[in-house]
Amino acid sequence: MSKQQSEIRTLHAAFAEKVDAVLAALEMEGFLPAECPRAGVTVEPPREASHGDLATNAAMVLAKQARANPRDLAARIAEKLAQDPDVEAAEIAGPGFINLHLSDTAWRAELAAIAALGDDYGRSPLGASTTVNVEYVSANPTGPMHMGHCRGAVVGDALAALLEFAGHRVIREYYVNDAGSQVDTLARSAYLRYREASGEDIGAIPEGLYPGDYLIVVGQRLAKELGARFMSEPEAEWLPIFRAEAVTAMMDLIRDDLALLGIHHDVFSSEAALQLAKKPEAAEAWLRKHDLVYDGVLEAPKGKAPPEDWEPVELPLFRSTRFGDDQDRPIRKSDGKWTYFGADLAYHMQKAEQADALIDIWGADHSGTVKRIKAAVAALSQGQGKPIPFDVKLVQMVQLMRGGEPLKMSKRSGNFVTIAEMVEEVGKDVVRFTMLTRKPEAQMEFDFAKVVEASKDNPVFYVQYAHARIHSTLRKGAIEGLVPSADHIDLLGAEELDLIKQAAQFPRIVEAAAQAREPHRLAFYLYELAGALHAYWNLGNDSPGKRFIIAQESDLSGARLFLADQIGQVIRNGLALLGVEAVEEM
RNA sequence: GCGCCCGUAGCUCAGUCGGAUAGAGCACCAGAUUCCUAAUCUGGGGGCCACAGGUUCAAAUCCUGUCGGGCGCACCA
């Protein structure tokens with residue numbers, strides 16, 4: 001944001017400052033105790049439009065500290081606010097709300113702010129340039145991306161964009177689990193395809209190996225590059241080579257799939273590299289020193305019947321119970337290798353070295369491991385001497401449907417819906433927007449038949465159509481020599497002001513969504529803004545005088561086209577954060 | 001048995017660090033519209049916010065318990 005732009009105050013930000021200034025003045029005058037905390041004070045639009053444009057609860061929140069009746073305190077605050085030229089009336093209502101009615105001029109000025117800020121309208125300094133690491137997707141590199149990964153990918157990506165817009169530095173990170181037994185399985189599966197490509201009849205893919213066709217090309221390439229030299233070698237000879245090759249191939253595949261969704265990570269962190277760098281050892285040493293890791297015996301699982309081959313063994317255990325977990329957790333297996341958790345713990349420590357806050361986006365099937373990783377980060381925070389804010393966002397399962405019928409999938413047979421197929425069928429924008437029209441922690445259905453409907457019932461279409469409608473209106477206006485102009489925005493009346501008020505919400509929606517880390521709020525907001533635009537448009541059906549383009553009235557048309565242009569700008573800014581294209585025609 | 005998430009209109013879902021009379025779309029009912037900016041429009045009915053307690057000026061929202069649904073529960077990843 002340029003220096004000049006940073007001096008432009010959006011309306012909601014300006015009023016938050018104004019209320020704050022009034023409270024400061026009352027402190028000076030002795031009506032409020034010095035430096036009284038104002039954390040609970042809000043300035044926001046009331047739900048009920050008749051209550052005015054903005055309302056503040058300041059008097060109710062501060063009444064106790066001021067030892068005053070809320071309504072009396074409200075009167076003092078209201079009196080000062082009423083002196084502001086942008087305030088037409090400041091009324092006291094209910095238990096002590098202060099309702100502000102703003103001047104039309106103040107609202108119209110917001111249009112100019114949108115125009116001046118353009119793509120930066122809504123950008124916020126809230127994050128104060130602190131660095132947030134968002135780790136998302138992190139699917140095992142054993143095959144193409146499928147539906148199970150999709151929601152977390154989209155939510156994580158939109159969240160990253162949102163946080164960036166809200167003033168954070170953001171690291172988009174993918175953790176590559178290239179060190180566990182699953183990648184060994186992958187290597188064996190690729191080896192089999194290599195034998196196949198070298199002319200051997202491999203028959204059916206044995207149970208326990210990955211049967212997917214996507215490994216055929218990998219085998220072919222390896223056969224070409226390596227020749228037949230590994231055909232009769234023992235596994236120990238070829239496994240590391242095939243593992244590395246296969247993982248590389250899978251990550252290329254995954255990157256391509258993610259690109260189809262418009263997702264690009266900044267950092268791909270390898271678990272194998274982490275282990276090679278002895279990061280888990282370093283973490284363990286530190287934890288042992290602080291008595292947070294000890295050698296102990298794992299308890300048998302309670303409640304349900306223990307497995308047949310259950311035997312108590314001594315393992316290095318992390319004291320996660322000290323931080324709220326139900327059980328201490330092993331960081332190494334009995335063969336001395338790291339458990340997933342042991343490596344993940346070190347990985348989080350590594351991430352924390354580069355960031356002020358961490359966010360993980362996980363699938364709901366990992367909910368059982370949230371407590372232990374939170375415990376780990378809490379423990380490691382102590383080592384850093386500062387708390388590391390850490391959030392795990394769980395995204396729930398998506399039930400795929402087609403025309404109301406659930407889609408059957410079996411991962412084992414390799415018969416699952418991939419992201420590539422999905423994007424090809426319904427398009428990136430539909431996938432992304434639909435995934436964001438539900439809060440992530442609630443389960444959702446995704447119906448292939450419904451999401452492609454080009455009708456009002458379909459939120460993606462509805463929002464994109466609003467933008468396209470604006471664009472076509474501007475195009476038509478231009479043909480008639482009518483161009484957007486701020487010269488006569490005083491001609492904009494009540495209906496237009498309603499639209500401006502809706503658009504002016506955008507900056508505070510961005511901040512609220514960023515603070516709550518809930519990108520879906522943007523999607524709902526855009527749906528409402530689009531609704532307001534369509535409603536305004538419909539006025540023109542019955543009253544030609546309410547249309548954007550009125551040939552004989554270039555001043556009025558210019559003002560309305562300016563309005564349309566700015567609404568389009570806000571929709572564009574919002575869709576950009578969601579990674580959905582603001583199309584210019586449908 | 002334990003942990004996490006969810007429970008809001010018939011359906012799918014919103015609901016701002018707790019705020020004023022709980023919202024939207026679909027469906028339903030009634031109207032409008034073939035002149036137009038129609039990928040339709042306007043209006044209406046519909047709620048014990050799962051249930052029961054608690055916290056306070058104020059609870060769908062926070063706490064406790066119960067019921068219902070989903071996910072998970074050894075060294076897997």
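Note that this is a predicted model, so its numbers are computed, not measured. In the text below, chain A, chain B and the rest are named by the order of the sequence lines, each starting its count at 1.
In terms of position along RNA chain B, the nucleotide closest to V61(A) lies nearer the 5' end than the nucleotide closest to the other residue of the pair P544(A) and V61(A). Between R329(A) and K546(A), the residue anchored closer to the 5' end of RNA chain B is K546(A), taking for each the nucleotide with the nearest heavy atom.
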Sugar-phosphate or base contact per nucleotide [nucleotides 6-16 of chain B; S, B, -; heavy atom under 4.0 Å]
SS----SSSSB
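Searching all strands for a Watson-Crick or G-U wobble partner of rA39(B) with both distances below 3.5 Å returns nothing. Figure legend. rC71(B) is base-paired to rG3(B); pairs are counted as Watson-Crick or G-U wobble with both atom distances under 3.5 Å. Nucleotide rA60(B) forms no Watson-Crick or G-U wobble pair with any nucleotide shown, as no partner meets the under 3.5 Å limit on both distances. Nucleotide rA14(B) has no partner under the Watson-Crick or G-U criteria, as no pair reaches both atom distances under 3.5 Å. Summarising the base pairing, rG44(B) is matched to rC28(B) through a Watson-Crick or G-U wobble pair whose two defining distances lie under 3.5 Å. With a cut-off of 3.5 Å on both Watson-Crick or G-U wobble distances, the partner of rU66(B) is given as rA50(B). Base pairing analysis places rU34(B) opposite nothing; no Watson-Crick or G-U wobble pair with both distances below 3.5 Å involves it. Nucleotide rA20(B) forms a pair with no other nucleotide shown, judged by Watson-Crick or G-U wobble geometry with both contacts under 3.5 Å.
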Tell me, with the steps shown, if L209(A) and T185(A) meet side chain to side chain contact (heavy atoms under 4.5 Å, CB included).
CA-CA 6 Å; L209(A) 293 186; T185(A) 303; 4.0 Å; yes
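Protein atom CZ of F97(A) is 8 Å distant from nucleotide atom C1' of rA58(B), rounded to whole Å. If you measure from atom CG of D325(A) to atom C1' of rC73(B), you get 11 Å, rounded to the nearest angstrom. In this structure, the CD1 atom of I331(A) is 12 Å from the P atom of rC76(B), given to the nearest Å. Residue N541(A) contributes atom CG, which lies 12 Å from atom P of rU40(B) at whole-angstrom precision.
Judged by centroid separation below 5.5 Å and plane tilt below 30°, F461(A) does not stack onto the base of rA39(B). Lacking a ring centre under 5.5 Å from that of the base six-membered ring together with a plane angle below 30°, H366(A) does not count as stacked on rG72(B).
Using a 4.0 Å heavy-atom distance criterion, V395(A) is classed as making no nucleic acid contact. In this structure, N177(A) reaches the sugar-phosphate backbone alone: every heavy-atom distance under 4.0 Å involves primed, P, OP1 or OP2 atoms, never a base. Note on G180(A): only backbone sugar-phosphate atoms sit closer than 4.0 angstrom, heavy atoms only; bases stay farther off. Looking at heavy-atom distances under 4.0 Å, S472(A) makes no contact with the nucleic acid at all.
Aromatic rings of F446(A) and F448(A) (six-membered ring for Trp) have centroids within the 6.0 Å cut-off, being under it.
A salt bridge is absent between E173(A) and K351(A): the closest approach of a Lys/Arg side-chain nitrogen to an acidic carboxylate oxygen does not fall below 4.0 angstrom. Comment: E480(A) does not engage K476(A) in a salt bridge, judged by the lack of any side-chain N to carboxylate O separation of less than 4.0 angstrom. Salt bridge annotation for R475(A)-E584(A): absent, with no cationic side-chain nitrogen under 4.0 angstrom from a carboxylate oxygen.
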Distances for protein N/O vs nucleotides 30-35 of chain B N/O pairs under 3.5 angstrom?
none

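A donor-acceptor pair is defined here as one N or O able to donate and one able to accept, closer than 3.5 Å; no such pair exists between the side chain of Y347(A) and the backbone of P280(A).
Donor-acceptor pairing under 3.5 Å is lacking for the side chains of D360(A) and Y175(A). For the residue pair D429(A) / Q464(A), a side-chain donor-acceptor distance below 3.5 Å is found, with atom types taken as modelled. Between the side chains of S124(A) and E511(A), at least one donor N or O lies within less than 3.5 Å of an accepting N or O.
Relative to the ring axis of F548(A), R560(A) does not place its NZ or CZ within 45° and under 6.0 Å from the centre.
Distances shorter than 4.0 Å separate some side-chain N or O of Y465(A) from OP1 or OP2 on rA39(B). Contact annotation: S181(A) side-chain N/O to rA77(B) OP1/OP2 distance is under 4.0 Å.
Ring pair H348(A)/W362(A) is perpendicular by interplanar angle, where above 60° counts as perpendicular and below 30° as parallel.
Between the base of rA20(B) and the side chain of N99(A) there is a donor-acceptor pair shorter than 3.5 Å.
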